[in-house]
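Both backbone and side-chain heavy atoms feed into the values below; hydrogens, waters and symmetry mates do not. Bear in mind that the values here come from a model prediction, so they are computed numbers and not experimental data.
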Amino acid sequence: MMLPALSVVVIGRNEGQRLVRCLHSVSAIRDRVVSLEILYVDSSSTDNSMATASAMGAKVIALEAEHPTAALGRNAGWREASSDHVLFLDGDTVLDPEFPGRAFAALATDDRIAAVWGHRRELHPEASLYNRILDLDWVYPPGPAEFCGGDVLMRRAALEVVGGYDGTLIAGEEPELCRRLRALGSIILHIDAPMTGHDLEMRRFRQYWRRALRAGHAYAEVSGRFRRTGDPFWQDVRLANFKRGGFWAGSALLALLLTLLLRSPWPLLAWLTVLFVLAARSASKASWKSRDTMTLFLYGLHSHLQQVPILFGQIGYELGRRRQGPRKLIEYKGASS
């Protein structure tokens, strides 16, 4: 059975061969849908991404904005799309060919379902320690969800009702959109099916730090939008990060200071012991995400230590908001060859 007409909106910036791989994976489903429209929205790439996408048959949209964001790119794409259903993809992903069929089947079960997403996993978790750890960050339990990520199949009608993504956000645009959709009674559904493979390509600590900074910025800005509503979305996450991030930053400084003053390793060793014990507990709670014990332990360490840069991201947002100056994207990936 042929699937309904589908518009696929791919956003990207200097994706290089990652974009080629993404567009190939989208083109591979052409014989499964009544009609397939591919739109590529480019955010000021300095490589040949636009020419590449055009040569591969995509309709290319150059995002003309002083400060291009993912939200602006997705809005430009779906507003130009012609189908009743829009599949959003990031340019560094590879689409699983079975996902559209499974997503359409899920949509057909309930008219209230506005968005369907599946599992995103890293293509190369073995490429770096960061890839290995953050691969588990994409793992969520199936069922109705509070939000989705950047890869998602959405009803165009739902996007039109809420006006699409908030183009003023530089991060957290998908959860913010989902919060507005849910307020109208729509359902965001996570299905237990592969959706995309992702190429994080993270090899340096600076990338890891900036990714967490970006998350902190998103928590602070998005939670601020709904702080005084009946559903204060992400407010609990924001406050929890202030406590956890403050604890780990403060305790690490204290342990280091005591180690230097006392000329003894015991304060620092005590701090590491607490960290490892709590990481092991977090790993145990996340055991449903992986069967690899070491990966789970590393993920447990990540779940605690990332709270520090997330906290800095929150603080950075608040300081920037008070200055009321222009905000720059918090990027952590480089251009692909």
Checklist entry - Can you find a heavy atom in the side chain of L169 that is under 4.5 Å from one in the side chain of T69? => result no
Checklist entry - Distance-only, no hydrogens or angles: does the S223 side chain make a donor-acceptor pair with backbone N or O of Q235 under 3.5 Å? => result no
Next on the checklist: As an exercise, state the distance from SG of C22 to CG of L95, rounded to the nearest 0.5 Å.
Outcome noted: 7.5 Å
Checklist entry - Is a side-chain donor or acceptor of N241 paired with a backbone partner of Q307 at a separation under 3.5 angstrom? => result yes
Next on the checklist: Can you tell me if E64 has over 12 outside heavy atoms packed within less than 6.0 Å of its CD?
Outcome noted: no
Checklist entry - Would D231 and E146 satisfy side-chain contact (heavy atoms from CB on, under 4.5 Å), going step by step from the backbone distance to the final call? => result CA-CA 11 Å; D231 180 13; E146 284 194 331; 5.5 Å; no
Checklist entry - Hey, what do you get for CE (M1) to CZ (F104), rounding to the nearest 0.5 Å? => result 13.0 Å
Checklist entry - Above 12 or not: heavy atoms from other molecules or residues under 6.0 Å from CE of M2? => result yes
Checklist entry - Name the one of R206, Q207, R214 that satisfies side-chain contact (heavy atoms from CB on, under 4.5 Å) with R210? => result R206
Checklist entry - Shared ILVMFWY cluster between I29 and V34, side chains joined below 4.5 angstrom? => result no
Checklist entry - If every non-hydrogen atom of N131 is compared with every non-hydrogen atom of S128, which pair is closest and at what distance? => result N-OG, 3.0 Å
Item to check | Pair R180 + D166, salt bridge at N-O below 4.0 Å | outcome: no
Checklist entry - Can you tell me how far CZ of R120 sits from CZ of F99, rounded to the nearest 0.5 angstrom? => result 11.5 Å
Checklist entry - Is it true that atom CZ of R227 has more than 12 heavy atoms of other residues, nucleotides or ligands lying nearer than 6.0 Å? => result yes
Checklist entry - Is a side-chain donor or acceptor of E221 paired with a backbone partner of Y317 at a separation under 3.5 angstrom? => result no
Checklist entry - Where do V222 and G172 come nearest, in terms of heavy atoms and distance? => result CG2-O, 3.6 Å
Checklist entry - Mind checking whether L39 and W78 have side chains closer than 4.5 Å, heavy atoms only? => result no
Checklist entry - Under 3.5 Å, is there a donor-acceptor pair between the side chain of Q314 and the main chain of Y219? => result no
Item to check | Test salt bridge (Lys or Arg N to Asp or Glu O under 4.0 Å) applied to R74 and D90, step by step | outcome: CA-CA 10 Å; R74 293 192 180 104; D90 290 343; 2.8 Å; yes
Next on the checklist: Tell me whether F88 shares a hydrophobic cluster with W138, the cluster being built from Ile, Leu, Val, Met, Phe, Trp, Tyr side chains joined at under 4.5 Å.
Outcome noted: no
Item to check | Trace of the side-chain contact (heavy atoms from CB on, under 4.5 Å) decision for V139 with R121 | outcome: CA-CA 8 Å; V139 181; R121 299 302 297 267; 3.8 Å; yes
Checklist outcome for this item: Exactly one candidate in L311, L278, L253 meets side-chain contact (heavy atoms from CB on, under 4.5 Å) with W248; the answer is L278
Next on the checklist: Any heavy-atom pair between the side chains of L19 and Y40 that's under 4.5 Å?
Outcome noted: yes
Checklist entry - Are any of the side-chain nitrogens in R156 or E160 under 4.0 Å away from the carboxylate oxygens of its partner? => result yes
Item to check | Test applied, salt bridge (Lys or Arg N to Asp or Glu O under 4.0 Å); reference residue, D137; option that passes from R132, K289, R211 | outcome: R211
Checklist entry - What closest approach, in Å, do S7 and S83 show between heavy atoms, and which atom pair accounts for it? => result OG-OG, 2.9 Å
Checklist entry - Is there side-chain contact between V10 and E15, with at least one heavy-atom pair below 4.5 Å? => result no
Next on the checklist: Pair D47, S49 - check side-chain hydrogen bond (donor to acceptor under 3.5 Å, both in side chains), show working.
Outcome noted: CA-CA 6 Å; D47 62 5; S49 290; 2.6 Å; yes
Item to check | Side chain proximity check, L301 to I133, heavy atoms < 4.5 angstrom | outcome: no
Item to check | Between CG on residue L268 and CG on residue L262, distance to nearest 0.5 Å | outcome: 12.0 Å
Checklist entry - Does R179 make a cation-pi contact with F233 (under 6.0 Å, within 45 degrees of the axis)? => result no
Checklist entry - Would E176 and F226 satisfy side-chain contact (heavy atoms from CB on, under 4.5 Å), going step by step from the backbone distance to the final call? => result CA-CA 9 Å; E176 192 277 339; F226 306 108; 3.8 Å; yes
Checklist entry - Going only through I, L, V, M, F, W and Y residues with side-chain contacts under 4.5 Å, is there a path from W271 to F276? => result yes
Checklist entry - For the side chain of Y165 and the backbone of L72, is there at least one donor-acceptor N/O pair under 3.5 Å apart? => result no
Checklist entry - What's the shortest heavy-atom distance between D96 and P194, and which atoms? => result OD2-CB, 3.5 Å
Checklist entry - Is there a donor-acceptor contact under 3.5 Å from the side chain of R13 to the main chain of S43? => result yes
Checklist entry - Do L256 and F312 sit in the same hydrophobic cluster, where Ile, Leu, Val, Met, Phe, Trp and Tyr count as joined when their side-chain heavy atoms come under 4.5 Å apart? => result no
Checklist entry - Sub-3.5 Å donor-acceptor pair from the side chain of R18 to the main-chain atoms of G91, do we have one? => result no
Item to check | Check ion pair D84-R155 (N to O, under 4.0 angstrom) | outcome: no
Checklist entry - Rounded to the nearest 0.5 Å, how far does CG of L159 lie from NE2 of H85? => result 11.0 Å
Next on the checklist: Working to the nearest 0.5 angstrom, can you tell me the gap between L296 CG and W288 CH2?
Outcome noted: 11.0 Å
Checklist entry - Parallel, tilted or perpendicular for F147 and W117, by the 30°/60° rule? => result parallel
Item to check | Contact check, side chains of L189 and P144, non-hydrogen atoms, under 4.5 Å | outcome: yes
Checklist entry - Does a side-chain heavy-atom distance below 4.5 Å link H302 with L136? => result no
Checklist entry - Name the one of L23, V26, L153, V86 that satisfies side-chain contact (heavy atoms from CB on, under 4.5 Å) with V8? => result V26
Item to check | Closest heavy-atom pair and its distance - H190, Y140 | outcome: CE1-O, 3.0 Å
Item to check | Side chain to side chain, K243 and F247, heavy atoms closer than 4.5 Å | outcome: no
Checklist entry - So which heavy atom on L63 is nearest to which on A76, and how close? => result CD1-CB, 4.2 Å
Checklist entry - Between V116 and V161, is there a shared hydrophobic cluster once you connect ILVMFWY residues whose side-chain heavy atoms come closer than 4.5 Å? => result yes
Checklist entry - Given the rule in the side-chain contact (heavy atoms from CB on, under 4.5 Å) test, do D92 and H198 qualify, once you have shown the distances and angles that lead to the verdict? => result CA-CA 6 Å; D92 58 359; H198 181 249; 3.0 Å; yes
Checklist entry - Short question: side chain of S27, backbone of H24 - any donor-acceptor pair under 3.5 Å? => result no
Checklist entry - Quick one: does S54's side chain have a donor or acceptor within less than 3.5 Å of a partner on A51's backbone? => result no
Item to check | T273 (side chain) donor-acceptor with L269 (main chain) under 3.5 angstrom | outcome: yes
